S.K.: 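Below is one structure. I have some questions about it.
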Amino acid sequence: MSVVTRFAPSPTGRLHLGHAYAALFAWEAARRANGCFLLRIEDIDVTRCRAEFETGIYADLTWLGLDWEKPVRRQSGHLAEYSAAVERLAERGLVYPCFCTRAAIRAEIARAGAAPHGPDGPVYPGTCRNLASVERSARVAANLPYALRLDVARALAETGPLDWHDREKGRVVADPALFGDVVIARKEIPTSYHLAVTLDDHLQGVTLVTRGADLFPATHIHRLLQALLGLVTPDYHHHGLIAGADGARLAKRAGAPTLASLRETGSSPAAVRAMVGL
Ligand code: GLU
């Protein structure tokens, strides 16, 4: 089977060195295997994504010397596919509407005294999982906005134990309950990062997902979604994150130098590759 990798940035800002490393890592993995490299634009969050950042992604990657298969998949053009997948889960009773606001969740956790901490913070206390069905229907009829959450315990009862293969860690036993009942469709968008990325990797035939170690925990949920939706499980390679000069991770919002600014101040693509060690 030929290797298919991808780089999947969100156009919420200009690319920085951390992105260059992730893109080159995926591109090199495909090139070494004589495989295929895809670019996917993860633009479901319309409030944060901007066209100029998407244009910047194409320009920066081209400048770096990367090429990718066309057409580029843009998530905003596939909302109906995500909705259909959510509907398949809903029909099996695996999702429930959650009307909670962030403030209500905080208040519920404070009332309970504590909540287990997951990779994304405190785990949702399950308030809406236990709503009586008449109450649920009344709230839907009253047009209260709601997200859809995956009932992870029910889902796991369907799938049984799961694992995946990570190129760094070997066989990893999936523990999707770590996150609690994750949101799979947001109040304002008919999908979520977890659902869209998992479905896309399958639909695009990705065989090797390379991405930063910060996304390692997300794979626990992605593996569960694959099992529920009958999707192929790719191989994973979660790579280290590039640190800045001060040793701190280059997070998107940490003011890391962008590829555009490096280019403007005279850095060459070869210099950028050397900076990230690829
Ligand atoms: N869109 C995600 C990001 O920009 C990456 C998704 C993934 O590689 O799974 O962080």
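First listed ligand is number 1; within each ligand, the first listed atom is number 1. As the structure is a computational prediction, the values presented were derived from the model and not from experiment.
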S.K.: Going through the distances and angles, do Thr233 and Arg223 end up as a side-chain hydrogen bond (donor to acceptor under 3.5 Å, both in side chains)?
M.R.: CA-CA 7 Å; Thr233 302; Arg223 182 65 192 89; 3.3 Å; yes

S.K.: Taking 4.0 angstrom as the limit and counting only heavy atoms of Ser10, give me the atoms of ligand 1 inside it, by number and element.
M.R.: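 Selected atoms, number and element: 1 (N), 4 (O).
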
S.K.: Using the rule given for ring-ring contact (aromatic ring centres under 6.0 Å, His included), can you reason through His222 versus Tyr236, listing the C-alpha separation, both sets of side-chain angles and the distance that settles it, and then say yes or no?
M.R.: CA-CA 11 Å; His222 300 180; Tyr236 286 87; 7.5 Å; no

S.K.: Below 4.0 angstrom from a heavy atom of Arg6, which ligand 1 atoms are there? Numbered from 1 as shown, please.
M.R.: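 This gives 7 (C), 8 (O), 9 (O) as the contact atoms.
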
S.K.: I want to confirm something. Looking only at heavy atoms, which of Glu42, Arg40, Arg211 is nearest to atom 6 (C) of ligand 1?
M.R.: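 Among Glu42, Arg40, Arg211, the closest heavy atom to atom 6 (C) of ligand 1 comes from Glu42.
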
S.K.: Tell me the contacting part of His19 for ligand 1: side chain, backbone, both, or neither, using a 4.0 Å heavy-atom threshold, strictly below.
M.R.: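 Under 4.0 Å from ligand 1, His19 contributes no heavy atoms.
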
S.K.: With sequence neighbours left out, which residue pairs that include part of residues 81-131 fulfil the ring-ring contact (aromatic ring centres under 6.0 Å, His included) condition?
M.R.: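 Matches after skipping sequence neighbours: Phe99-Tyr146.
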
S.K.: With a 4.0 Å cut-off on heavy atoms, is Tyr193 touching ligand 1?
M.R.: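 For ligand 1, residue contact (heavy atoms, under 4.0 Å) with Tyr193 is present.
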
S.K.: What's the verdict on side-chain hydrogen bond (donor to acceptor under 3.5 Å, both in side chains) for His78 and Gln75, showing C-alpha distance, side-chain angles and the deciding distance?
M.R.: CA-CA 5 Å; His78 296 272; Gln75 291 187 326; over 6 Å; no

S.K.: Can you list everything that forms a ring-ring contact (aromatic ring centres under 6.0 Å, His included) with His237? Sequence neighbours excluded, please.
M.R.: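 Residues passing ring-ring contact (aromatic ring centres under 6.0 Å, His included) with His237: Phe25.
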
S.K.: Below 4.0 angstrom from a heavy atom of Val197, which ligand 1 atoms are there? Numbered from 1 as shown, please.
M.R.: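 Those of ligand 1 that fall under 4.0 Å from Val197 are 9 (O).
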
S.K.: Would you kindly check if the NZ (Lys) or CZ (Arg) of Arg171 is within the cone defined by 45 degrees around the ring axis of Trp164 and under 6.0 Å from the six-membered ring centre?
M.R.: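 Pair Arg171/Trp164 does not count as cation-pi.
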
S.K.: Atoms of ligand 1 less than 4.0 Å from Ala8 heavy atoms?
M.R.: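 Heavy-atom distances to Ala8 below 4.0 Å select 1 (N), 2 (C), 3 (C), 4 (O), 5 (C), 6 (C).
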
